[in-house]
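Beneath this line is the structure, given in structure tokens, with notes to follow.
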Amino acid sequence: MQIIDLRSDTLTRPTEKMRQVIARAEVGDDVYGEDPSINRLEKTGAEIMGKQAALFVPSGTMANQIAAMVHTSPGDEIITEITSHIFLYEAGGLGRLCGVQTHVLKGERGLFSPDDLEGAIRGENIHFPRTTLVTFENTHNRAGGRVFAPEELAPHLEICRKANIPTHLDGARIFNAAVALELTPDVLVADFDSLSFCLSKGLGAPVGSLLCGSEEFIEQARKVRKILGGGMRQAGILAAAGLFALDGVEERLARDHQLARILAGAIEKMDNFRLDFPVESNIVVGRYLGGDSIQEVVNRMKENGLLVNPFGPASIRLVTHQDVSQEEIFRAVKIMETI
Ligand SMILES: *Cc1c(COP(=O)(O)O)cnc(C)c1O
């Protein structure tokens with residue numbers, strides 16, 4: 001049985017062509033700043049995002065944690081949305097690595113209101129921690145791959161700017177947002193002090209993320225990356241894959257989004273599932289309407305050759321990516337219908 005794996009877009013494997021690029025990559029010692037492939041990737045990434053500089057790091061989690069460590073000091077407070085990746089899925093790094101406390105705001109589909117943000121920013125008072133970072137996520141994973149257009153985040157960023165508080169964008173899937181909006185990514189990240197994005201998800205590279213920001217921010221980030229053990233040596237073999245992954249990304253992600261829409265359209269017609277969120281990118285969240293536990297549902301799908309992740313108490317997440325074909329999406333729909 002051919003398994004259809006829709007658990008995540010992190011599952012993409014390097015293509016034959018990417019493996020050839022990896023094999024030929026020029027390398028050097030990156031801790032000495034001498035890896036030409038990494039230097040090229042960092043320069044290219046910064047240019048694409050319209051920022052002064054970028055830093056290649058092993059994972060999106062490390063990129064976010066480095067950003068938080070650079071922007072804050074222990075004892076400070078970070079404002080983030082209650083279902084954000086940095087709060088939910090980074091193993092408590094904000095507390096453990098940054099020594100900050102997290103002020104989580106309840107959002108509507110992944111975004112809190114400007115009023116709630118304004119109310120959460122700490123004023124000057126001997127009792128209070130300092131608010132030194134506000135984070136956002138685009139696309140928003142827990143909100144079903146929700147895409148935020150620049151004007152939706154503009155009021156929030158204006159509040160932060162007025163209060164002189166830096167902002168970080170967890171843009172793990174920022175290219176998905178850009179493709180969905182038919183904009184270039186630099187437009188979506190222009191007003192953030194820093195941002196991270198993953199090369200290892202829909203882009204299809206095996207490893208790596210980029211953290212982007214000002215020259216000064218990236219200089220500090222480079223030091224923090226070393227502290228965390230993320231200073232790699234001839235990692236140009238990974239950076240070359242990342243550079244290759246950036247080439248033609250728009251077409252590939254547009255296809256992933258198209259497959260997600262096909263899946264969503266089929267789910268809308270099912271009796272046993274309904275969509276939890278409108279589908280805006282490559283993530284589809286379906287709520288099971290039958291009586292069985294979500295783990296039983298996931299197990300039964302697996303027995304039938306479809307892998308998905310449980311997503312909360314009654315839902316599953318299905319993610320389209322370059323390693324699934326349209327034919328497999330049709331088969332996935334058939335399997336879901338029999339559950
Ligand atoms: C995947 C993801 C990350 C972290 O990336 P890793 O490379 O898996 O550490 C961060 N934020 C969001 C929104 C993600 O989806």
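Quick note: residue numbers are just sequence positions, from 1. Atoms within each ligand, like the ligands themselves, are counted from 1 in listed order.
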| Geometric class of the His156/Phe136 ring pair [parallel <30°, tilted 30-60°, perpendicular >60°] | perpendicular
Considering only heavy atoms, does [X] approach ligand 1 within less than 4.0 Å through its side chain, its backbone, both, or neither?
{"X": "Lys201", "result": "side chain"}
{"X": "Asn64", "result": "side chain"}
{"X": "Ser59", "result": "both"}
{"X": "Ser196", "result": "neither"}

| request: Mark the output for Arg173 as yes if a heavy-atom distance to ligand 1 is under 4.0 Å, and as no if none is. | output: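 For ligand 1, residue contact (heavy atoms, under 4.0 Å) with Arg173 is present.
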I'd like to know if [X] pairs up with [Y] as an ion pair, taking the criterion as any Lys NZ or Arg NE/NH1/NH2 lying under 4.0 Å from an Asp or Glu carboxylate oxygen.
{"X": "Arg331", "Y": "Glu327", "result": "yes"}
{"X": "Glu77", "Y": "Arg130", "result": "no"}
{"X": "Lys223", "Y": "Glu219", "result": "no"}
{"X": "Arg222", "Y": "Glu42", "result": "yes"}
{"X": "Arg173", "Y": "Asp9", "result": "yes"}

Identity and distance of the protein heavy atom lying nearest [atom]:
{"atom": "atom 6 (P) of ligand 1", "result": "Gly60 N, 3.4 Å"}
{"atom": "atom 13 (C) of ligand 1", "result": "Glu137 OE2, 3.2 Å"}
{"atom": "atom 9 (O) of ligand 1", "result": "Thr61 OG1, 2.6 Å"}

| message | Minimum heavy-atom separation for Ile316 and Met301, please, with both atom names. | response | CD1-CE, 3.5 Å
| request: State the atoms of ligand 1, each with its element, that fall below the 4.0 Å cut-off from a heavy-atom position in Cys198. | output: 5 (O)
| task | Show which atoms of ligand 1 fall inside a sub-4.0 Å distance from at least one heavy-atom site of Asp170. | result |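 In order of numbering, the contacting atoms are 10 (C), 11 (N), 12 (C), 13 (C).
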| message | Please report whether ligand 1 has a polar contact with Glu90, defined as an N or O pair separated by less than 3.5 Å (distance criterion only). | response | no
| field | Heavy-atom donor-acceptor pair, Asn304 side chain to Arg300 backbone, under 3.5 Å | value | yes
